[in-house]
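Just so it is clear, the structure is predicted and the values come from calculations on it, not from any experiment. Scope of the values below: all heavy atoms of this structure, side chains included, with no hydrogens, waters or symmetry mates.
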Amino acid sequence: MPLALLALAVGAFGIGTTEFVMMGLLPDVADDLDISIPTAGHLVSAYALGVVIGAPLLAAATTRMSRRSVLIALMALFVLGNALSAVAPGEISLLAARFVSGLPHGAFFGVGAVVATGMVAPERKARSVSLMFLGLTVANIVGVPAATAMGQALGWRATFLGVSAIGVAAIAALAVLIPREDAPAPATGLRGELAALRSVPVWLALGTTVAGFGALFAAYSYITPMLTDAAGFADTSVTLLLALFGVGATAGNLLGGRLADHSLRGTLFGGLAALVVVLALFPVLMRTPVTAAASVALLGMAAFVTGSPLQLMVMEKATAAPSLASSANQAAFNLANAGGAWIGGLALAAGFGVTSPALAGAGLAVLGLGVAGAAWAVDRRGGAAAVGRERVVAGHVPEEVERVRG
């Protein structure tokens, strides 16, 4: 694997750290700015909104730039957003800074995935994407706990200065490790990139991301009350247990990348099916501390097995113009974050029990399997139609086309 993937992983590490660290710093930020914790929670939403808006917008706006330059510019915007967060004097300015911090997130992963797959042989594409995402999953094991501890010891502003420093290191790594010739400007332009979004297979792939990762966040958003109220863990144990989620996510990400290079569709179906099983068993697994801890790791593994296959599938469905579609997949991931948390909250509010968000997530994972199945059916039909067109030109209508028409 090219050393340049390390530069992408460093950027992903910084992005993953700043995305998730706010959850641990909410009480400190709320106390310092004299606002309530629910109000401080809007800072999480501001970042997610920045991701959803920035992913397609920045990918579309930079279509004429070389991808190497785009990645460096996106990381510079990331550094700016986090530096502004560190010096924000009040709630409104911090909301704006968090929004700016989220803008480059989706486009960085989208363009980075295109660059990563362009530097390796076809049979290693999924693995290259998983190595870039490795920075994101490792951030949940190392970056977020370390940044949270820094914020608690030195003040939350120090955390965002530290994340800015990671961004500066990523810029240096991108400039040094990604050769200019490996990330040229795409020839398609904005019109070609937008054309990719008119494809039904692309939208089905994006829909699979929303449903599949919505299943994850329906449960993960409420994992703390499950662990404390159902499994009986003390509040002080939750941070360590969440690190287990990061370990599972890292293992699942690496496993998914390796398996998807052999069978992309099979890995996707297998990961979603595993996610259904794990989430459906949550009410049982949460009855004892040992099985509850195991379930947290299994949740991360089952969910992130599908990460690389989903990213690669979106790119393959938009081969002529993958940057915008690839970035849109990151926007879909954050829509899944918001939508999954909302659906899990509905289950809790309805009084179905503290583990009910996991069952809601299992339903979303089943939906994801259905959307992935529809995408597979569309691919098969499209393949049969393509074979039919070739044979009609040769002078006869094949049996495959007759079956598709029927």
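For the residue pair Leu5 and Ala116, the shortest heavy atom distance occurs at CD2-CB, 3.5 Å. When all heavy atoms are compared, the tightest approach of Val87 to Arg157 is C-NH1, 3.6 Å. Taking every heavy atom of both residues into account, Gly257 and Ala126 meet most closely at O-CB, 3.4 Å. Nearest approach of Ser101 to Pro104, heavy atoms of both residues: O-CD, 3.2 Å. Residues Pro145 and Ile141 share a closest heavy-atom pair of CG-O, 3.3 Å. Across Ala215 and Leu275, no two heavy atoms sit closer than the pair CB-CD2, 3.9 Å.
Between Pro283 and Leu359, some side-chain heavy-atom pair lies under the 4.5 Å cut-off. Considering only heavy atoms from C-beta on, Met286 comes within 4.5 Å of Ile223 through its side chain. Counting only heavy atoms from C-beta outward, the side chains of Leu369 and Phe269 approach each other to under 4.5 Å. Within the 4.5 Å cutoff, side-chain heavy atoms of Trp156 are placed close to those of Leu94. Looking only at side-chain heavy atoms (C-beta outward), Ile35 and His42 stay at 4.5 Å or farther from each other. No side-chain heavy atom of Leu74 sits less than 4.5 Å from a side-chain heavy atom of His105. The closest side-chain heavy-atom distance from Glu19 to Val144 is not below 4.5 Å. Inter-residue side-chain proximity for Gln152 and Asp28 is flagged as met; some heavy-atom pair is nearer than 4.5 Å.
Taken from CG in Leu242 to CG in Leu227, the straight-line distance is 7.0 Å, to the nearest 0.5 Å. Put simply, CG on Leu58 and OG1 on Thr62 are 6.5 Å apart, with the number rounded to the nearest 0.5 Å. Atom OG1 of Thr355 is separated from atom CG of Leu285 by 10.5 Å, given to the nearest 0.5 angstrom. Distance check, rounded to the nearest 0.5 Å: CG of Leu177 to CG of Leu8 gives 9.0 Å. Note: Phe213 CZ to Leu364 CG = 13.0 Å, rounded to the nearest 0.5 Å. Atom CG of residue Leu131 and atom CG of residue Asn253 lie 8.0 Å apart, to the nearest 0.5 angstrom.
Residues that satisfy the side-chain contact (heavy atoms from CB on, under 4.5 Å) test with Val210, not counting sequence neighbours, are Ala332. The side-chain contact (heavy atoms from CB on, under 4.5 Å) check on Ala358 picks up Ala219, Met226, Leu279, Phe282, with sequence neighbours excluded. Remark: Ala243 pairs with no residue by the side-chain contact (heavy atoms from CB on, under 4.5 Å) rule, at least two apart or across chains. Applying the side-chain contact (heavy atoms from CB on, under 4.5 Å) criterion to Ala121, with sequence neighbours excluded, gives Glu123.
Note: Phe109 and Phe133 have tilted aromatic rings, judged against thresholds of 30 and 60 degrees for the angle between ring planes.
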>> What verdict does the side chain to side chain contact (heavy atoms under 4.5 Å, CB included) test give for Met315 and Val114, after you've listed the backbone C-alpha separation in whole Å, the side-chain angles of each residue and the deciding distance to 0.1 Å?
In response: CA-CA 8 Å; Met315 293 163 59; Val114 176; 4.1 Å; yes
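Applying the side-chain hydrogen bond (donor to acceptor under 3.5 Å, both in side chains) rule to pairs touching residues 78-88 yields Thr18-Asn82, sequence neighbours excluded.
Taking the ring centroids of Phe217 and Phe333, they lie under the 6.0 Å cut-off. The six-membered or imidazole ring of Phe78 lies away from that of Phe108, with a centre-to-centre distance of 6.0 Å or more.
In this structure, Arg258 contributes its side chain and Arg127 its backbone to no donor-acceptor pair below 3.5 Å. Side chain of Tyr222 to backbone of Val354: no donor-acceptor contact under 3.5 angstrom is found. A donor-acceptor contact shorter than 3.5 Å is absent between the side chain of Ser221 and the backbone of Ala218. The backbone N or O of Ala139 sits nowhere less than 3.5 Å from a side-chain atom of Thr17 that would complete a donor-acceptor pair. Using modelled atom types, no side-chain atom of Arg67 and backbone atom of Val111 make a donor-acceptor pair closer than 3.5 Å. Between the side chain of Thr159 and the backbone N or O of Gly151 there is at least one donor-acceptor pair closer than 3.5 Å.
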Just list the side-chain donor-acceptor pairs under 3.5 Å for residues 294-314, sequence neighbours left out, or say none.
| unit_1 | atom_1 | unit_2 | atom_2 | d |
| --- | --- | --- | --- | --- |
| Ser295 | OG | Ala292 | O | 2.6 |
| Thr306 | OG1 | Ala303 | O | 2.6 |
| Ser308 | OG | Ser130 | N | 3.4 |
| Gln311 | OE1 | Asn329 | ND2 | 2.9 |
| Gln311 | OE1 | Gln330 | NE2 | 2.8 |
| Gln311 | NE2 | Ser326 | O | 3.1 |
| Gln311 | NE2 | Ser326 | OG | 2.5 |

